Amino acid sequence: MFPDLDSQSAALNARAGRCLAGGGSRSTIRTDPYTLYIREAHGAEVVDVDGNRLIDFINNYTSLIHGHCYPPIIEAVRRQLPNGCAFSFCHESEIVLAELLCERVPSFERIRFMNSGSEAVMNAIKLARAFTGRPKIAKCDGFYHGSYDPAEVSLISGAENSAQEDPPSRAYSRGTPQSVLDEVVVIPFNEPQHSQRILESHADELSCILLDTTCMRLGGNLVREDYLAMVTDVARSHDILLIFDEVVSFRLGYSGSQGVLGVQPDITALGKIIGGGFPVGAVAGRADVMSMFDAPVNGVAPLPHGGTFNANPITMAAGVAAMTDMTPASFEYLNSAGAKAREALTEVFKERGVTGQVTGVGSLFKLHLHDRPIVTLHDVGVSSESQSQVAALRLRLIDGGIFLGSGCFGCVSMATTDAHIEQLCTALAGALEKTGS
Ligand SMILES: Cc1ncc(COP(=O)(O)O)c(C=O)c1O
C-alpha cells in the first residue's frame, strides 16, 4: 500500500512539484518518497485519493481535538457561513470565545485572536518587548515555536556540538540576520543550573522567557518541576515576562498545561484546538501587559496589531463549538485514552523484545527506538541515523494503516476509541517485525 509509486498520490506529488514551490505549502507534513493526498476524513480516519484508509493519530498536528468533521463544529460553521465569513466589523462570536477561554484559565485576564500559533508566539514576544522595553528573548535549545524569526532560532539544536552547556544561537532558516541571532538567548531545557547562569547573565536585557512545557522533540513529557521553578523564580526576580507556548500543550487539560502545573505565566500563546480545526492563534495574559494593545481615542496602541482574518466568525464559531464540548470530563476521557495508548504501545515493544520506549503526557505520545531516559535534549537521538530509523518506522506504520506525525509523534482525539488503539498496536507490532529490529 505505501509507498506505491503508481498511486494517485504519487502522481499528484509530481504535478504539485511543477507549480508549488517545494511541492506544497507546508514543509512540516512532507513524507518521502511522496506525501499522501487526502480525499476525505471523518472522526479518527482519513481516506487518501487512492482509497486507502488510515487511522489518524496526528489530527492535523494536534489541532483537531474532536477528530475530523465533528458534527457540532460543522453545524456551527454551517449556521455562520450564509451570514458572512469575514468582515471589517466585530462579531459577537469573538466575545463568546474570549469569555469561554478567560473563564477557564486564571492567567487569561485578556485575550486577543489571530490566525496561527506562529502569529501567537510572534505577538507574545512583541508584547513582552513592548511592555518591558527590553530587546532580547530567551528560548530553549531545539524547541519549535512556529515560524517567527526569533522563535525559530536554534530549532536545529547545538546538542551535537561540544558547547552543550551554553547552546549557541543558531540560524534555522538561511538568511536569518545576525541581528536576530544576537537578540535570542538560548538555554538548555531541563538543565536548571546552566539555564539559570545563562539567564542571569542576560537578565537586564531580557524581555521574556519563552517556554513550551511539553516539547515533543523531547518526547512530550512535562517540564521538570525544578526547572520550571527556576525559570519562574528568575523571571519574577528580574521582571522578565514568562511566556508559555501552549499552542499544543493547551490540550492537556481544562486550563491547559498551566492548570496541570499550577503556574500562571504572564502571557500565553495559543492556537490549534481553540479554533475547532480552522486557522487560529491567540495571545492571552495579564491585563496590564495586554494593555499594550489598547489604543487611545483617535490614537495608536503601543503595540498595534491588525490582521484581515483575525477573529473571523467562522473560526470563532468553530472554536466555540469545539471548546464548549471540551468539559473537564472530556479532558479526562482524552487523557485516559492517551495513557491507554502509551501503555499498550510500551507493551508492544516489550512483547517484541525491541529496544524502544513510548513517552508523552495527556493525549500526546511519541515512539523512540532507544530506551535512554529522556530529560534533556542530549538524551534524544540527534544523529541522522537515529532520525532515519524513526522516519522509516513511521513509513512502515503508514503501510500498516496508521498515520503519525514526523518523528513518530502522535496524539489521540475525542474520536479515538479502544479499537483504534488496538489497531495502532497491531500496526506497530507488524512494523517492528519488518525492521527485524
Ligand atoms: C509548540 C508550537 N508552537 C507554535 C506552533 C506554530 O503554530 P502554527 O503552525 O499554527 O503557526 C506550533 C505548531 O505546530 C507548535 O507546535
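Read the numbers this way: they start at 1 and go in the same order the structure lists the ligands and their atoms. Here the structure is a predicted model, which means the values were calculated and not measured.
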Novice: Write out all pairs satisfying ring-ring contact (aromatic ring centres under 6.0 Å, His included) with one or both partners inside residues 267-295, taking only residues at least two apart or from two chains.
Specialist: Phe293-His305
Novice: Please determine if Glu205 and Arg134 form a salt bridge, counting it only when a charged side-chain N lies under 4.0 Å from a carboxylate O.
Specialist: no
Novice: Using a threshold of 4.0 angstrom between heavy atoms of the protein and any atom of ligand 1, which residues qualify?
Specialist: Ser116, Gly117, Ser118, Tyr144, His145, Gly146, Asp212, Asp245, Val247, Val248, Lys272
Novice: Only counting residues at least two apart or in another chain, list the ones meeting ring pair (Phe, Tyr, Trp, His ring centres under 6.0 Å) with Phe2.
Specialist: Tyr34
Novice: Is the cationic atom of Arg394 (NZ for Lys, CZ for Arg) positioned less than 6.0 Å from the six-membered ring centroid of Phe403 and within 45 degrees of its normal?
Specialist: yes
Novice: Which residue pairs pass the salt bridge (charged side-chain N to carboxylate O under 4.0 Å, His left out) test with at least one member in residues 254-271, sequence neighbours excluded?
Specialist: Arg236-Asp266, Asp266-Arg286
Novice: Please work out which of the three classes, parallel, tilted or perpendicular, describes the rings of Phe143 and Phe189, given edges at 30° and 60°.
Specialist: tilted
